[in-house]
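Okay, so here's the structure we're looking at.
Predicted model, so just to flag it, every value in this text is computed and none were measured. For the numbers below, each heavy atom of this structure counts, side chains included, while hydrogens, waters and symmetry mates do not.
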Amino acid sequence: MKPTPSGPTGRQDLLIGLLVFALIAGLQWQGGRQVAATVLLQTYNWVFDFDASRYLGGWCSPGVNISEHLYFSHLARHPLTAALRPICLAIEPAVGGPQLALMALTAGLAGLMAALSYALAARCCRGLVDRLLITALASISAQPLMLGIIPEMYSPAMLGIGLSLLWLSGLPDGGEPSRLQWLISGVLNLGLTVTNAVLSLLQSVVAAWGRMGLKAWLRREVMRWLLVFAGLLLSALLLAWVYTPEHLGIAQDAAKSLWWAAHMGRGEPAPLWKVAATYLVYDVVAPISSFYQLPAGEDHPMLDFRAFSFAPAGWCAVVLWLALLATAAAAAWQERALHKPLAVAVLWLAFNIGLHTLWQYRSSVYIYGAHSFPALVVLLALGQRAVVARGRAWALTARIGLGLLLALLLVNNLDRYQEVIRFLVAQTAAR
């Protein structure tokens, strides 16, 4: 197949991205319709410790007190949460109710993540077949697949991270990022999940390494972050004024709320190896589901991904995925031009593993996996670019490996996906 020009801005890539969005959003909408009337949107913590039901009122229900759904402690961690409310309210009349509107919005976010994965692959890979394989793998991977039917802030946060990686991590053929791209990325990373601001800082350090002195870098960063904080403050205050005016009077307590969130409900924290397994394995290959009976006050079972145990297709996928990931990292490292984006992706993965070894909620780690997933897409795409450049035999081997992994993930992950739906339907019927 004749290679297409590298870069996601060509007419062909825009068309393919639109088709990818429509396909994935449409498929996820079918799953979302099955869980729209289940316990998922009625109370908290049915799957992965997600609080999906808060967004039914917070985003999609007309005429409610939004602050009763989007609590101050939640907005302190995700200041731009309410920005999705006007989108969902616009969808609601067309689909026939808040529940279906919320699931349509969730499916749409999944479609956008798939299209963004194609954009990341297009920046790295010249061959169309490589771009499509990586996009398909990204779309069927466990983390974005599950978030396609679970309303959460982690979906838009994942999009913000992916956009930041696309613009600022030094991917091939990207050119110098503009000030506006730095500003938008900083506001989104900080505003969608506050700890994601570290990604913008990492990208700035890596971009300046070897090109700029410390004093010049510090002066530039001070100006950038002043603009980012000003942009976020204006956006967050405007959203609060429109949607949650009750929170304006206690806005100064945001730092206290963040401290509380960092120390709540740790219980027996998951050890380092389990956190690493979640980010490096469970994000892509779904393990056999674990079920936990939650304590009094909630008193219901919860499905989670915690045990390092897989169905036969899953074990095969784990071995192949880790082999491809290691090969991708090694191949990309041998290309000097890929060192900076590779460093950003690896450092971002390491930061999230370290952070969530400390920041957990009753050993639930999979809930945070969306933060690191786009970095895995970048790693795989960079490695594919480097391997394919070695010659036809290397390219054919790499593409066969990706195709085989895709087949294994289709078998394994779709089974886990249907299991989540069956679990939610069964728990609804039992209530």
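For the salt bridge (charged side-chain N to carboxylate O under 4.0 Å, His left out) test, no residue two or more places apart in sequence or in another chain qualifies with Glu68. Partners of Thr193 according to the side chain to side chain donor-acceptor pair (under 3.5 Å) rule, which considers only residues two or more places apart in sequence or in another chain, are His78. Checked against salt bridge (charged side-chain N to carboxylate O under 4.0 Å, His left out), Asp283 has no partners two or more places apart in sequence or in another chain. Under the rule for a salt bridge (charged side-chain N to carboxylate O under 4.0 Å, His left out), the partners of Glu419 that lie at least two apart in sequence or sit in another chain are Arg416. Residues meeting the ring pair (Phe, Tyr, Trp, His ring centres under 6.0 Å) test with Tyr366, sequence neighbours left out: Phe48, Phe305. For the salt bridge (charged side-chain N to carboxylate O under 4.0 Å, His left out) test, no residue two or more places apart in sequence or in another chain qualifies with Arg85.
Applying the side-chain hydrogen bond (donor to acceptor under 3.5 Å, both in side chains) test to pairs two or more places apart or on separate chains, those with a residue in residues 332-355 are Gln334-Arg390. Among residues at least two apart or in separate chains, salt bridge (Lys or Arg N to Asp or Glu O under 4.0 Å) pairs with a member in residues 194-212 are Glu176-Arg211. The stretch residues 212-240 participates, sequence neighbours left out, in these salt bridge (Lys or Arg N to Asp or Glu O under 4.0 Å) pairs: Glu221-Arg224. Pairs engaging residues 168-224 under the ring-ring contact (aromatic ring centres under 6.0 Å, His included) rule: none recorded [sequence neighbours left out].
The closest side-chain heavy-atom distance from Tyr55 to Thr106 is not below 4.5 Å. Using a 4.5 Å heavy-atom cutoff, the side chains of Asn412 and Leu408 are not in contact.
The aromatic rings of Tyr368 and Tyr154 sit perpendicular, their planes meeting at an angle over 60°, well past the 30° parallel limit.
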For residues 161-168, dump all side-chain donor-acceptor pairs below 3.5 Å to protein atoms at least two apart in sequence or in another chain.
residue : atom : partner : partner atom : Å
Ser164  : OG   : Asn189  : ND2          : 3.3
Ser164  : OG   : Gln203  : OE1          : 2.7
Ser164  : OG   : Gln203  : NE2          : 3.4

Side-chain donor-acceptor contacts of residues 391-403 below 3.5 Å, not counting sequence neighbours, with atom names and distances?
residue : atom : partner : partner atom : Å
Thr397  : OG1  : Ala393  : O            : 2.9
Arg399  : NE   : Asp130  : OD1          : 2.8
Arg399  : NH2  : Asp130  : OD2          : 2.8

